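It should be emphasised that the depicted structure is a prediction, and the values quoted were computed from it without experimental measurement.
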Amino acid sequence: MVMIDPSALSARDNYKLLIGSIIPRPIALVTTLSDQGVLNAAPFSFFNIVSSNPPLVSVSVQRKNGERKDTARNAIGKGQFVVHIADESFLEAMNATAASLPPEESEVQAAGLTLVSSQRIEVPGVAEPRIRMECLLEQALELGGDAEGGPACDLLIGRVVAYHIADSVYDGDGHIDPRKLQPVSRLAGHDYAGLGDIFTVERPL
C-alpha cells in the first residue's frame, strides 16, 4: 500500500482522496429559508445520522473562500431546515439545485421542484422526494480551516421533529423498503450510485 501524509497535501488533494475513499455517501437535499423569504435548496453528501435518542442528523456545509454558504447562513439564522433523502425519482432536479445562484433566487423554482409546507417548522420542503425530515437546529459548529482563513465548514446538527414518508415506501410498522425508496448515493467526480445488491450478515452476539 502507498502511505500518503495528509499534512503534505493541499485541501483540494485531501478532498479528492476523501470523496474517493468514503463511498457511497448518502445525500441530503436541504431546504432553508432566507431572511428575505427565499427558499434555498442544495444537495450535500457530507451527511449522516448522529443519534436516535433524540433523532439527530448532521450536514457539513463546506465554506467557499471562507464565507458561509446560503444553506448554513439560513439554517443558523432561522434555526430550522428540512432534509430530503435523495432518490432516483428526482435526481436530475436535485442535481440542478447545485447551481450557484445568487441568494435572492430560489434553486427550488429553478429546478422545477414543488414547494410543500412543513407541519412543525416555518421552512418549507419539496414534494418530490419520498422521505423528508423537518429539523430544528440543535447545534452549529465551525470546524477546520486555519488561523488566517477561518473555519472551513459549518457542521449543522438537526433534531428531527417530523418525518414525512411516502406510503409507497413505508410498511406502516416502522420499516422503510429500500428497494422502493431507490436511494441515490454520491461517489467521486460526477458519479452517483444506486442501491445495488442487498445482502445480510448477522452481527455477533
Side-chain angles (χ1 to χ4, degrees), residues 15 18-19 21-34 39-63 68-91 93-95 97-98 107-108 113 115-144 151-166 169-171 174-178 180-187 192-195:
Y15 173 82
L18 286 168
I19 66 167
S21 301
I22 301 173
I23 56 174
R25 299 187 306 282
I27 307 168
L29 177 71
V30 179
T31 55
T32 57
L33 198 62
S34 74
L39 186 63
N40 171 266
F44 297 92
S45 67
F46 290 14
F47 158 65
N48 222 307
I49 301 165
V50 175
S51 166
S52 61
N53 183 26
L56 301 175
V57 296
S58 66
V59 179
S60 179
V61 183
Q62 306 303 294
R63 293 193 180 191
R68 277 185 175 140
K69 291 184 179 177
D70 293 343
T71 296
R73 184 172 60 253
N74 295 344
I76 293 168
K78 290 285 186 186
Q80 306 174 349
F81 56 94
V82 182
V83 164
H84 308 74
I85 303 301
D87 67 62
E88 293 181 17
S89 69
F90 73 108
L91 177 59
M94 182 192 70
N95 187 56
T97 66
E107 294 84 359
V108 172
L113 291 165
L115 183 148
V116 62
S117 296
S118 291
Q119 302 299 309
R120 300 286 180 84
I121 64 175
E122 178 185 356
V123 179
V126 295
E128 285 77 6
R130 296 181 175 111
I131 297 176
R132 70 180 184 274
M133 305 174 189
E134 299 178 24
C135 298
L136 293 175
L137 183 65
E138 184 88 354
Q139 195 170 159
L141 302 173
E142 298 180 338
L143 299 173
C153 72
D154 295 283
L155 180 63
L156 309 177
I157 308 295
R159 179 189 291 247
V160 180
V161 293
Y163 300 100
H164 299 271
I165 304 171
V169 304
Y170 186 60
D171 70 0
H175 298 102
I176 294 166
D177 187 328
K180 293 178 180 178
L181 176 59
Q182 296 182 299
V184 174
S185 60
R186 195 74 169 88
L187 304 178
Y192 294 82
L195 186 61

Those residues at least two apart in sequence (or on a different chain) that pass side chain to side chain donor-acceptor pair (under 3.5 Å) with Gln80 are none

Residues at least two apart in sequence or cross-chain that pass salt bridge (charged side-chain N to carboxylate O under 4.0 Å, His left out) with Arg186, listed by chain then number, are none

CZ (Arg73) and OG (Ser34) are apart, to the nearest 0.5 Å, by 8.5 Å

The side-chain contact (heavy atoms from CB on, under 4.5 Å) partners of Glu138 (sequence neighbours excluded) come to Leu56, Ile157, Arg159

- Yes or no on side-chain contact (heavy atoms from CB on, under 4.5 Å) for Thr71 and Val59, after CA distance, side-chain angles and deciding distance? CA-CA 10 Å; Thr71 296; Val59 179; 5.6 Å; no

Side chain to side chain donor-acceptor pair (under 3.5 Å) filter on Tyr170, not counting sequence neighbours, yields none

If you count every heavy atom of other residues, nucleotides or ligands that lies below 6.0 Å from Leu18 atom CG, does the total exceed 12? yes

Scanning both residues in full, the closest heavy-atom pair of Val161 with Cys135 reads CG2-N, 4.4 Å

The side-chain contact (heavy atoms from CB on, under 4.5 Å) partners of Ala28 (sequence neighbours excluded) come to Val30, Phe47, Val83

Across all chains, not counting sequence neighbours, the side-chain contact (heavy atoms from CB on, under 4.5 Å) partners of Leu187 are Ile23, Pro24, Asp191, Ala193

Taken in chain and number order and not counting sequence neighbours, the residues that satisfy side chain to side chain donor-acceptor pair (under 3.5 Å) with Asn53 are none

Applying side-chain contact (heavy atoms from CB on, under 4.5 Å) to Ala152 and not counting sequence neighbours gives none

Sorted by chain and number, sequence neighbours left out, salt bridge (charged side-chain N to carboxylate O under 4.0 Å, His left out) with Glu142 holds for Arg63, Arg68

Sorted by chain and residue number, the side chain to side chain donor-acceptor pair (under 3.5 Å) partners of Ser58 (sequence neighbours excluded) come out as none

Rounded to the nearest 0.5 angstrom, the CD1-CD1 distance for Ile131 and Ile85 is 6.0 Å

Sorted by chain and number, sequence neighbours left out, salt bridge (charged side-chain N to carboxylate O under 4.0 Å, His left out) with Arg132 holds for none

Sorted by chain and residue number, the salt bridge (charged side-chain N to carboxylate O under 4.0 Å, His left out) partners of Lys78 (sequence neighbours excluded) come out as Glu122

